[in-house]
Peer 1: 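The structure under discussion is supplied below as structure tokens; questions concerning it will follow.
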Amino acid sequence: MDPTSTRTHFAPTTEMQPGERLIERFRGDRATYWREHAWLAAIAMAGGMAILWSLGNPHVWTGAIGGLLAIAVRAFYLASDETRMEWWLTNERLLGPGPRAISLDNISKVRSLFSAVQIVTVTGDKHLLKYQADPNAVIGEIERAKSGVAA
């Protein structure tokens, strides 16, 4: 793989090792993506209005329009990329988009952040599996694989 390439990889590019087998694939869920962006839009709208109100602006309602448009543009622009990101859980590693590969024994914490699953390594690196429909199920799968009881 060319290290200077700007091409985005949506699935793992790391080769599987001999004896390594795929347990599960995790991909961003489109409905979860849109639900989170609806919440972000509501927060941005309220925040925009609060800022304009605190500044004494008589057109507070424009904060709601600005917040909605900002999140909507971001949501539509990134939707296809964010929901195509794929992670593979094997009996030995968690393989992320592109060349990311995390040995299961290098994972120190697995926790949820809203609909994302955060992986923290022993060395402190952090990775996000974003927009998971059931983050607790993803955490369970990773924990089972770490303990060696994955299917």
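Just so we're clear, the structure is a prediction, and the values are computed from it rather than from any experiment. Just so you know, these numbers use all the heavy atoms, side chains as well, and skip hydrogens, waters and symmetry mates.
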Peer 1: With sequence neighbours left out, write down each residue that passes side-chain contact (heavy atoms from CB on, under 4.5 Å) with L55, or none if nothing qualifies.
Peer 2: I51
Peer 1: Which residues pass the side-chain hydrogen bond (donor to acceptor under 3.5 Å, both in side chains) test with R93, not counting sequence neighbours?
Peer 2: E20
Peer 1: What side-chain donor-acceptor pairs closer than 3.5 Å can you find for residues 120-129, not counting sequence neighbours?
Peer 2:
unit_1: T121; atom_1: OG1; unit_2: T123; atom_2: N; d: 3.4
unit_1: T121; atom_1: OG1; unit_2: T123; atom_2: OG1; d: 3.0
unit_1: T121; atom_1: OG1; unit_2: G124; atom_2: N; d: 3.3
unit_1: T121; atom_1: OG1; unit_2: D125; atom_2: N; d: 2.9
unit_1: T121; atom_1: OG1; unit_2: D125; atom_2: O; d: 3.4
unit_1: T123; atom_1: OG1; unit_2: D125; atom_2: OD2; d: 3.4

Peer 1: Supply the atom-to-atom distance I139 CD1 to Q132 CD, rounded to the nearest 0.5 angstrom.
Peer 2: 10.0 Å
Peer 1: By ring pair (Phe, Tyr, Trp, His ring centres under 6.0 Å), which residues pair with Y77, not counting sequence neighbours?
Peer 2: none
Peer 1: Any chance you could pull the hydrophobic cluster mates of L40, using side-chain heavy atoms under 4.5 angstrom and chaining through other members?
Peer 2: I71
Peer 1: For the CD1 atom of I142 and the CD1 atom of I102, what is their distance to the nearest 0.5 Å?
Peer 2: 8.5 Å
Peer 1: Tell me, please, which residues at least two apart from R74 pass side-chain contact (heavy atoms from CB on, under 4.5 Å).
Peer 2: Y33, H37, L78, Y131
Peer 1: Scan for ring-ring contact (aromatic ring centres under 6.0 Å, His included) pairs involving residues 99-126, sequence neighbours excluded, and state none if there are none.
Peer 2: none
Peer 1: Run the side-chain contact (heavy atoms from CB on, under 4.5 Å) test against D81 and tell me which residues pass, sequence neighbours left out.
Peer 2: F10, R84
Peer 1: Just jot down the side-chain contact (heavy atoms from CB on, under 4.5 Å) partners of V60, sequence neighbours excluded, or say none.
Peer 2: M49, W53
Peer 1: My understanding is that only residues two or more places apart in sequence, or in another chain, count here; which of them pass ring pair (Phe, Tyr, Trp, His ring centres under 6.0 Å) with W39?
Peer 2: none
Peer 1: Show me the pairs that pass side-chain hydrogen bond (donor to acceptor under 3.5 Å, both in side chains) and involve residues 98-108, at least two apart or across chains.
Peer 2: S103-D105
Peer 1: Which value, rounded to the nearest 0.5 Å, describes the distance between H9 atom NE2 and M85 atom CE?
Peer 2: 10.5 Å
Peer 1: Can you pull the side-chain hydrogen bond (donor to acceptor under 3.5 Å, both in side chains) pairs that have at least one residue in residues 111-120, sequence neighbours excluded?
Peer 2: E36-S115, R111-Q118
